Amino acid sequence: MHFAAAQQFMREQHIDGWLVYDFRGNNPVLAQLLPGKRWTTRRAVLFIPVSGEPVLLFHGIDEEQFKGAAVRSERYLTWREFREWLARCVSGAPRVALEYVPGAILPVASIVDAGTVELIRSLGVEVVSSANLIQVTVACWSPTAREAHGRASAQVAKIKDDAFALIRERLASGRAVNEYEVQQFIVQQFAAAGLESSEPPIVSVNAHSGNPHFEVSAAAPATIQRGDWVLIDMWARAPGDEHVFSDITWVAYAGREVPPRHREVFAAVRAARDGVVRRVQQAWQARERMQGWQLDDVARNTIVAAGFEAYVRHRTGHSLSPGPAVHGLGVNLDNLETHDTREVLPGIGFTVEPGIYLPEFGVRLEINMFVDPQRGPTITSCVQDEVVLLE
């Protein structure tokens with residue numbers, strides 16, 4: 001359970017309790033605080049006080065779904081009982097955290113509906129955001145998850161090398177190869193290595209690589225030929241939601257010498273990525289608190305200075321945390337799509353993946369980082385410093 005970490009953080013931040021509110025499975029935080037696959041039809045609330053025993057409230061009709069939840073539980077039937085229970089819980093708790101962010105500036109942590117926030121406030125409670133509470137609980141990596149991520153990263157790196165080797169061998173022998181074949185080769189190698197992935201990897205050629213979320217077509221994939229630009233984005237982990245994905249993106253050129261324009265864009269993206277790594281590591285050494293939006297600015301300012309502002313299409317990085325999704329519940333490196341004010345805290349992980357997307361081709365270089373409580377932010381994945389040559 002993550003309750004001790006939550007209570008310690010609440011003491012430090014002068015928060016009196018955390019109400020984890022869920023309706024029909026809409027709050028992934030509850031699912032990770034109380035692991036188990038559940039199909040709920042009514043409201044459920046987990047209240048974690050700053051000290052003392054947490055308690056779970058669920059509707060009686062959903063009782064079967066919460067068997068084995070390993071926390072003290074109570075049932076309700078009517079809406080009046082629900083409200084009375086909430087009032088008892090927050091009595092004497094003047095500051096309560098919810099999955100709420102003022103102004104909805106951070107949608108990933110703004111889950112509770114406005115009416116429920118109003119209800120809690122009507123009980124005389126100050127509502128604060130649980131965004132950083134989520135980080136110190138369900139977004140933190142366990143030692144087991146850290147070790148499994150390291151093994152998965154080594155396996156993913158090898159499979160990436162093998163995928164590029166497949167393209168290189170096909171080109172050298174004059175045999176055709178296309179995006180879908182390379183994608184399926186990676187899928188097969190993941191299975192052989194005992195890894196799981198949420199979706200198939202991205203294998204994109206030339207203009208397709210200019211689309212950050214390009215989907216490979218099984219029916220009409222692009223053929224990879226000499227002179228082509230290839231981007232591969234791939235992610236996998238050890239099986240189980242307690243583990244964390246290794247998520248990387250590399251690029252290659254099917255020739256002996258990378259064209260000048262491709263070299264220029266690659267260099268700008270590499271500089272943006274490396275600038276983020278330097279900044280977050282320097283901040284750790286200086287005991288400076290960094291927020292996700294600040295690191296995103298580091299990367300984007302580098303890209304803007306290189307003259308590619310018009311070709312930025314997404315934030316710099318996303319959270320890596322335990323759970324079913326590649327994009328986790330912790331801090332994102334984002335001051336573009338959202339203004340992420342969550343701090344880069346010990347025990348969490350994230351990607352650094354700036355990208356530049358021209359109509360003819362795109363470059364994204366993605367690495368993984370973990371904030372080791374002793375050593376600070378460390379790179380946990382392979383790192384691309386030169387374009388891979390496929391001839």
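None of the values given here were measured: they were computed from a predicted structure.
Judged by distance alone, the side chains of Asp62 and Thr41 do bring a donor and an acceptor atom under 3.5 Å apart. Using modelled atom types, one finds no donor on one side chain facing an acceptor on the other under 3.5 Å when comparing Gln282 with Arg279. Checking Trp18 against Glu99 by side-chain atom types alone, a donor-acceptor pair falls below 3.5 Å. In the model, Gln188 has no side-chain atom that pairs as donor or acceptor with a side-chain atom of Gln184 under 3.5 Å. For the residue pair His327 and Asp247, no side-chain donor N or O sits within less than 3.5 Å of a side-chain acceptor on the partner. A side-chain donor-acceptor contact under 3.5 Å links Asn132 and Gln135. Under 3.5 Å, the side chains of Trp235 and Ser198 contain a donor-acceptor pair of N or O atoms. His314 and Glu337 are not linked by any side-chain donor-acceptor pair at a separation below 3.5 angstrom, with hydrogens and angles left out of the test. There is no side-chain donor-acceptor pair under 3.5 Å between Arg80 and Thr78. Remark: the Ser246 side chain and the His149 side chain contain no N/O donor-acceptor pair separated by less than 3.5 Å. A side-chain N or O of Glu353 and one of Thr351 form a donor-acceptor pair less than 3.5 Å apart.
Relative to the six-membered ring of Phe58, Arg75 misses at least one condition, a distance below 6.0 Å or an angle of at most 45° to the axis.
Following chains of ILVMFWY side-chain contacts shorter than 4.5 Å, one cannot reach Val125 starting from Val128, and the two form parts of different hydrophobic clusters. With hydrophobic clusters built from ILVMFWY side chains whose heavy atoms lie under 4.5 angstrom apart, Val108 does not share a cluster with Val138. The hydrophobic clustering, which links ILVMFWY residues whose side-chain heavy atoms are closer than 4.5 Å, places Leu33 and Phe23 apart. Each of Leu34 and Ile111 belongs to its own hydrophobic cluster when Ile, Leu, Val, Met, Phe, Trp and Tyr are linked at side-chain heavy-atom distances under 4.5 angstrom. Put simply, Ile202 and Val187 are part of two different groups of oily side chains (I, L, V, M, F, W, Y) that touch within less than 4.5 Å, one to the next.
Between Asp162 and Lys158, at least one side-chain N (NZ, or NE/NH1/NH2) sits under 4.0 Å from a carboxylate O, which counts as a salt bridge. For Glu81 and Arg83, the salt-bridge test fails: no basic side-chain N is under 4.0 Å from an acidic carboxylate O. Ion pairing between Glu169 and Arg175 holds under the 4.0 Å rule for side-chain N and carboxylate O.
Under the 4.5 Å side-chain criterion, counting only non-hydrogen atoms from C-beta, Leu320 is in contact with Asn368. Here the side chains of Arg342 and Leu106 are in contact, with some heavy-atom distance below 4.5 Å. Within the 4.5 Å cutoff, the side chain of Asn332 has heavy atoms near those of the Arg315 side chain. Side-chain contact between Asp241 and Pro324 is present, with at least one heavy-atom pair separated by less than 4.5 Å. Using a 4.5 Å cut-off on side-chain heavy atoms (C-beta onward), His318 and Leu333 make no contact. In this structure, Val371 and Trp284 have side chains that are in contact, with non-hydrogen atoms separated by less than 4.5 Å. Between Phe47 and Val20 the shortest side-chain heavy-atom distance does not fall below 4.5 Å. Counting heavy atoms from C-beta outward, Met369 and Val352 have side chains that approach closer than 4.5 Å.
Not less than 6.0 angstrom separates the ring centroid of Tyr76 from the ring centroid of Trp85. The aromatic ring centroids of His262 and Phe361 lie less than 6.0 Å from each other.
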Could you walk me through whether Ile303 and Glu309 pass side chain to side chain contact (heavy atoms under 4.5 Å, CB included), step by step? CA-CA 6 Å; Ile303 291 172; Glu309 181 177 10; 5.8 Å; no
Trace of the side chain to side chain contact (heavy atoms under 4.5 Å, CB included) decision for Phe266 with Val251: CA-CA 9 Å; Phe266 179 89; Val251 293; 3.7 Å; yes
Give the intermediate values and the outcome of salt bridge (Lys or Arg N to Asp or Glu O under 4.0 Å) for residues Arg43 and Asp22. CA-CA 6 Å; Arg43 291 177 288 186; Asp22 176 272; over 6 Å; no
Stepwise salt bridge (Lys or Arg N to Asp or Glu O under 4.0 Å) test for Glu64 and Lys67: CA-CA 6 Å; Glu64 287 293 323; Lys67 282 191 172 179; 3.0 Å; yes
Give the intermediate values and the outcome of side chain to side chain contact (heavy atoms under 4.5 Å, CB included) for residues Arg300 and Val312. CA-CA 8 Å; Arg300 194 167 57 260; Val312 173; 4.3 Å; yes
Side chain to side chain donor-acceptor pair (under 3.5 Å) evaluation trace for Gln285 with Gln281: CA-CA 6 Å; Gln285 293 297 326; Gln281 291 178 338; over 6 Å; no
Criterion salt bridge (Lys or Arg N to Asp or Glu O under 4.0 Å) on Asp274 and Arg270, from CA distance to verdict: CA-CA 6 Å; Asp274 293 349; Arg270 181 181 58 195; 5.0 Å; no
Between Glu126 and Arg121, is a salt bridge (Lys or Arg N to Asp or Glu O under 4.0 Å) present by the stated rule, with each step listed? CA-CA 6 Å; Glu126 177 189 356; Arg121 285 175 173 160; over 6 Å; no
Side chain to side chain contact (heavy atoms under 4.5 Å, CB included) between Phe350 and Phe370: does it pass, once the steps are laid out? CA-CA 7 Å; Phe350 54 90; Phe370 171 69; over 6 Å; no
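The neighbour count for Glu12 CD, taken as heavy atoms of other residues, nucleotides or ligands under 6.0 Å away, is above 12. Atom CZ of Arg11 has more than 12 neighbouring heavy atoms from other residues, nucleotides or ligands inside a 6.0 Å radius.
Not a single donor-acceptor pair under 3.5 Å links the side chain of Asn335 to the backbone N or O of His339. No side-chain donor-acceptor contact under 3.5 Å links Ser110 to the backbone of Ala104.
One distance of note links OG of Ser381 with CZ of Phe245; it measures 15.0 Å at 0.5 Å rounding. Distance check, rounded to the nearest 0.5 Å: CD of Gln183 to CD of Glu199 gives 11.0 Å. Rounding to the nearest 0.5 Å gives a distance of 4.0 Å between CG of Leu295 and CE of Met290. Distance check: Arg168 CZ to Leu390 CG gives 5.5 Å after rounding to the nearest 0.5 Å. To the nearest 0.5 Å, atoms OG (Ser321) and CG (Leu329) are separated by 4.5 Å. Annotation: the span from Asn27 atom CG to Tyr21 atom OH amounts to 10.0 Å, rounded to 0.5 Å.
The only member of Thr316, Thr302, Asp385 that meets side-chain hydrogen bond (donor to acceptor under 3.5 Å, both in side chains) when paired with Arg273 is Asp385. The only member of Tyr357, Tyr311, Trp229 that meets side-chain contact (heavy atoms from CB on, under 4.5 Å) when paired with Val363 is Trp229. Partner Val258 forms a side-chain contact (heavy atoms from CB on, under 4.5 Å) with one of Arg263, Glu386, Glu264 and no other, that one being Arg263.
Considering all non-hydrogen atoms of both residues, Pro322 and Val244 come closest at N-CG2, 3.7 Å.
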